[in-house]
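Notes for the one structure printed next.
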Amino acid sequence: MEINIATAKRKIQEKGFLDVDIDPTLDLFHEIERLKKEKNAVLLAHYYQEPDIQDVADYIGDSLGLAQQAVKTNADMIVFAGVHFMAETAKILNPSKKVLLPDLKAGCSLADSAPADLFKAFKEKHPNHIVISYINCSADIKALSDIICTSSNAQKIIESVPEDQPIIFAPDKNLGAYLNKKTGRNMVLWNGACMVHEIFSLEKITRLKIRHPKAKLIAHPECEEAVLKVADFIGSTTQLLKYAINDSCNEFIVATETGILHQMQKDAPNKTFIPAPPNNACACNDCPHMKLNTLEKLYLCMQYEQPEILMEEQLRVAALKPIERMLEISKAAGLGG
Ligand code: 13P
Ligand code: SF4
């Protein structure tokens with residue numbers, strides 16, 4: 001086993017995770033709870049994680065809530081069950097803590113759609129603009145930004161900027177276009193998108209609505225304009241969950257990643273939640289990046305404290321400023337994820 005671990009550690013950059021076999025009789029829920037106590041670790045999970053991971057997490061939330069929890073925690077170790085930019089944000093906020101991600105290859109198509117060198121050149125073409133970046137971006141893009149936002153605070157963040165100040169919004173063009181409409185601004189948009197939220201089929205959603213005439217369509221603002229136009233409610237994952245629980249309607253078509261349905265079903269067991277159909281033959285809207293994390297990889301990363309998020313200090317300090325700005329504005333506005 002020790003030889004296997006040594007080999008797995010050497011191959012971690014190539015594989016993204018510790019590729020070793022686990023005793024199949026191990027109760028991983030029990031083991032993860034034990035490791036949390038033993039190592040004073042907190043397990044933060046996004047709603048798009050598989051149900052088993054959500055069930056063992058200390059906190060499940062949207063991107064803003066997760067960043068706020070990462071600031072608050074007294075734990076020595078932050079285990080992040082989410083994607084790379086989320087764990088990276090936790091590290092930026094907590095340089096002295098160990099931040100672990102079960103699979104380093106859990107990336108994000110939206111973050112990947114904004115390479116730093118191209119974005120820098122784009123920014124130089126708009127010299128009098130400030131940059132508001134959606135948190136789904138790399139630390140390099142954060143370092144080139146003035147303020148970070150998430151889907152739950154973006155409107156407030158934009159409204160905190162004087163109306164005559166030109167803005168570049170990156171990297172999500174769908175969220176940016178939605179926010180331009182909401183705020184009446186004319187932000188210059190970077191041409192990025194999320195592979196999961198771009199795939200919903202308006203035609204199939206329309207047919208589904210005919211079959212379920214009482215169902216409300218609730219959608220994440222990363223969806224395309226055509227889907228957002230027919231949505232009854234638009235919000236971050238936490239906002240969608242709260243709306244589904246509190247609204248008097250009993251049936252919802254949910255246009256976001258399917259992981260959120262686990263909490264919706266748990267919190268409102270008598271309501272019906274139908275995943276919005278995507279524009280392909282596959283019936284699922286899983287994020288392939290989020291779903292790279294598994295309970296086994298989670299256990300292994302906690303046991304062996306790898307893979308760990310590491311960052312150069314100069315980059316961390318530059319990326320911290322716009323995140324702190326976001327947290328300050330959110331706090332003043334009473335926003336929590
Ligand atoms: P929120 O949970 O902040 O709404 O973000 C959704 C998402 O796509 C995360 O990758
Ligand atoms: Fe990125 Fe989209 Fe996956 Fe969220 S759902 S992590 S935005 S690819």
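Indexing begins at 1, ligand by ligand and atom by atom, following the structure's order. Throughout, residue positions are numbered sequentially from 1 according to the sequence presented.
A salt bridge between Glu159 and Arg185 is absent, with no side-chain N of the basic residue lying under 4.0 Å from a carboxylate O of the acidic one. Salt-bridge formation is detected for the pair Glu124/Lys120: a Lys NZ or Arg NE/NH1/NH2 atom is positioned less than 4.0 Å from an Asp or Glu carboxylate oxygen. Glu251 and Lys216 are not joined by a salt bridge, as no carboxylate oxygen comes within less than 4.0 angstrom of a charged side-chain nitrogen.
In this structure, the ring of Trp190 has its center less than 6.0 angstrom from the ring center of Phe119.
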Practice prompt. Dump the intermediate steps for salt bridge (Lys or Arg N to Asp or Glu O under 4.0 Å) on Lys321 and Glu324, then the final yes or no.
Written response: CA-CA 5 Å; Lys321 257 171 111 181; Glu324 284 184 333; over 6 Å; no
Worksheet item: Taking it one step at a time, do Glu31 and Arg34 satisfy salt bridge (Lys or Arg N to Asp or Glu O under 4.0 Å)?
Response: CA-CA 5 Å; Glu31 288 301 308; Arg34 176 182 64 77; 2.5 Å; yes
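Residue, atom and distance of the protein heavy atom nearest to atom 7 (S) of ligand 2 are Asn136 ND2, 3.1 Å. From the protein, the heavy atom lying nearest to atom 1 (Fe) of ligand 2 is Cys108 SG, 2.4 Å. Looking only at protein heavy atoms, the nearest one to atom 8 (S) of ligand 2 is Ser109 OG, 3.3 Å. Regarding atom 10 (O) of ligand 1, its nearest protein heavy-atom neighbour is Asn136 ND2, 3.2 Å. Taking atom 4 (O) of ligand 1 as the reference point, the nearest protein heavy-atom neighbour is His220 NE2, 2.7 Å. Glu222 OE2, 3.1 Å is the protein heavy atom nearest to atom 8 (O) of ligand 1.
Contact annotation for Glu257 and ligand 1: no heavy atom of the residue comes within less than 4.0 Å of the ligand. Of the heavy atoms in Tyr48, only side-chain atoms (C-beta onward) come closer than 4.0 Å to ligand 1.
Of all the heavy atoms in Leu179 and Ala154, the pair that sits closest is CD1-CB, 3.5 Å. Contact detail for Pro221 and Ser151: the closest heavy-atom pair is CG-CB, 3.9 Å. Nearest heavy-atom pair across Ile218 and Ala244 is CD1-CB, 4.2 Å.
Here is the list of ligand 1 atoms found below 4.0 Å of a heavy atom in Ser236: 4 (O). Every atom of ligand 2 is numbered from 1 in the order shown, and the set under 4.0 Å from a heavy atom of Cys194 is 2 (Fe), 5 (S), 7 (S), 8 (S). For ligand 2 and Cys287, the ligand atoms under 4.0 Å from any heavy atom of the residue are 3 (Fe), 5 (S), 6 (S), 8 (S).
At under 3.5 Å, not a single nitrogen or oxygen of Thr150, backbone or side chain, sits near a nitrogen or oxygen of ligand 1. Residue Asp62 has no nitrogen or oxygen atom sitting less than 3.5 Å from a nitrogen or oxygen atom of ligand 1, judged on distance alone. The shortest N/O to N/O separation between Ser63 and ligand 1 falls below 3.5 Å.
The closest approach between a heavy atom of His46 and any atom of ligand 2 is not below 4.0 Å. Residue contact annotation: Ser151 has a non-hydrogen atom under 4.0 Å from ligand 1. For Met86, the closest heavy-atom approach to ligand 1 falls below 4.0 Å.
Note: His46 and Tyr48 have perpendicular aromatic rings, judged against thresholds of 30 and 60 degrees for the angle between ring planes.
Screening Thr237, Ile260, Asn153 for a side-chain contact (heavy atoms from CB on, under 4.5 Å) involving Asp62 leaves a single residue, Thr237.
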